[in-house]
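One structure below.
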Amino acid sequence: MTRAWILPILFLVCGSLVATAWAVRGFPGAAVPLLLLMFVLLAGLNSPLAFPRSISAMEAQRRSAVDGRPIVYWRAGCKYCLRLRIRLGRSANQLHWVDIWRDPAGATAVRAANDGDETVPTVMVAGQPHVNPDPEWVRAQLSPTT
């Protein structure tokens, strides 16, 4: 298990424990499933499943050189990465996503761009890093033909 799954699993375990405690104490029938659903949604949003499929930093750089699309360096559990992903909507699939917790080369690229810090999301556009950019600005960086 990688550290990207620790927070989602923690949400599921805590949600199960709280829902079980509520059920044992006799809380109203609809409250327990709703509570459990809330924890499942939190787990899903904080998991790698909420993001487009990640590729390696080397592959992202190669693809970006060919098609000119930006590279997004991210990690699971980052609320700013999740904000960017949600605000981009379907446009997110047009970017190259690199999970820095799964790819050491991606983490190295982020540290090089951020004075040694692993600050994400870091978006590389034409070789220039942009830390936690506005999602509308990122969308504007996509060419109209992509």
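Distance SG/C78 to OH/Y73: 15.5 Å, rounded to 0.5 Å. A distance of 10.0 Å separates CD in E59 from CD1 in I71, rounded to the nearest 0.5 Å. Here the straight-line distance linking atom CG of L34 with atom CZ of F39 works out to 12.5 Å at 0.5 Å rounding. Going from atom CZ of R63 over to atom CZ of R69 covers 9.5 Å, rounded to the nearest 0.5 Å.
More than 12 heavy atoms of other shown residues, nucleotides or ligands fall within 6.0 angstrom of atom CZ in R111.
When all heavy atoms of A50 and L82 are compared, the closest pair comes out as CB-CD1, 4.3 Å. The shortest non-hydrogen separation linking Y80 to P121 is CB-CD, 3.6 Å. Pairing each heavy atom of H130 with each of P133, the nearest pair is O-CD, 3.5 Å. What you find for V123 and P70 is that their closest heavy atoms are CG1-CB, 3.9 Å. In terms of heavy-atom proximity, V98 sits nearest to G106 at CG1-CA, 4.0 Å. Minimum heavy-atom separation, N46 to L42: ND2-O, 2.9 Å.
Checking side-chain atoms of W74 against main-chain N and O of S54 turns up no donor-acceptor pair under 3.5 Å. One N or O on the side chain of R85 and one on the backbone of G89 form a donor-acceptor pair closer than 3.5 Å. In this structure, the side chain of R139 engages the main chain of L88 through a donor-acceptor pair within 3.5 Å. S47 contributes a side-chain N or O that, together with a main-chain N or O of G44, makes up a donor-acceptor pair within less than 3.5 Å.
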Could you walk me through whether R87 and E136 pass the side chain to side chain contact (heavy atoms under 4.5 Å, CB included) test, one step at a time?
-> CA-CA 8 Å; R87 297 266 315 272; E136 295 305 316; 4.2 Å; yes

Apply the test side chain to side chain contact (heavy atoms under 4.5 Å, CB included) to residues R83 and N132: give CA-CA distance (whole Å), side-chain angles for both, the deciding distance (0.1 Å), then the verdict.
-> CA-CA 10 Å; R83 174 184 157 261; N132 197 15; 3.7 Å; yes

Verdict with reasoning, T122 to N114, per side-chain hydrogen bond (donor to acceptor under 3.5 Å, both in side chains) | CA-CA 9 Å; T122 297; N114 294 303; 3.1 Å; yes

Is there a side chain to side chain contact (heavy atoms under 4.5 Å, CB included) between L35 and M38 once you walk through the steps?
-> CA-CA 5 Å; L35 175 74; M38 181 186 72; 3.8 Å; yes

Could you please spell out the steps behind the side chain to side chain contact (heavy atoms under 4.5 Å, CB included) verdict for R75 and D99?
-> CA-CA 5 Å; R75 66 172 172 77; D99 183 350; 4.2 Å; yes

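Between F27 and W22, the ring planes are parallel. Angles under 30° get that label, and only those over 60° would be called perpendicular.
In this structure, L142 is a member of the same hydrophobic cluster as V72, with clusters built from ILVMFWY side-chain heavy atoms closer than 4.5 Å. Under the 4.5 Å side-chain heavy-atom criterion for grouping Ile, Leu, Val, Met, Phe, Trp and Tyr, L84 is connected to W137 within one hydrophobic cluster. The hydrophobic cluster containing V32 also contains F11, counting ILVMFWY residues as joined when their side-chain heavy atoms lie under 4.5 angstrom apart, directly or transitively. Linking Ile, Leu, Val, Met, Phe, Trp and Tyr residues whenever their side-chain heavy atoms come within less than 4.5 Å places V110 and M124 in a single cluster.
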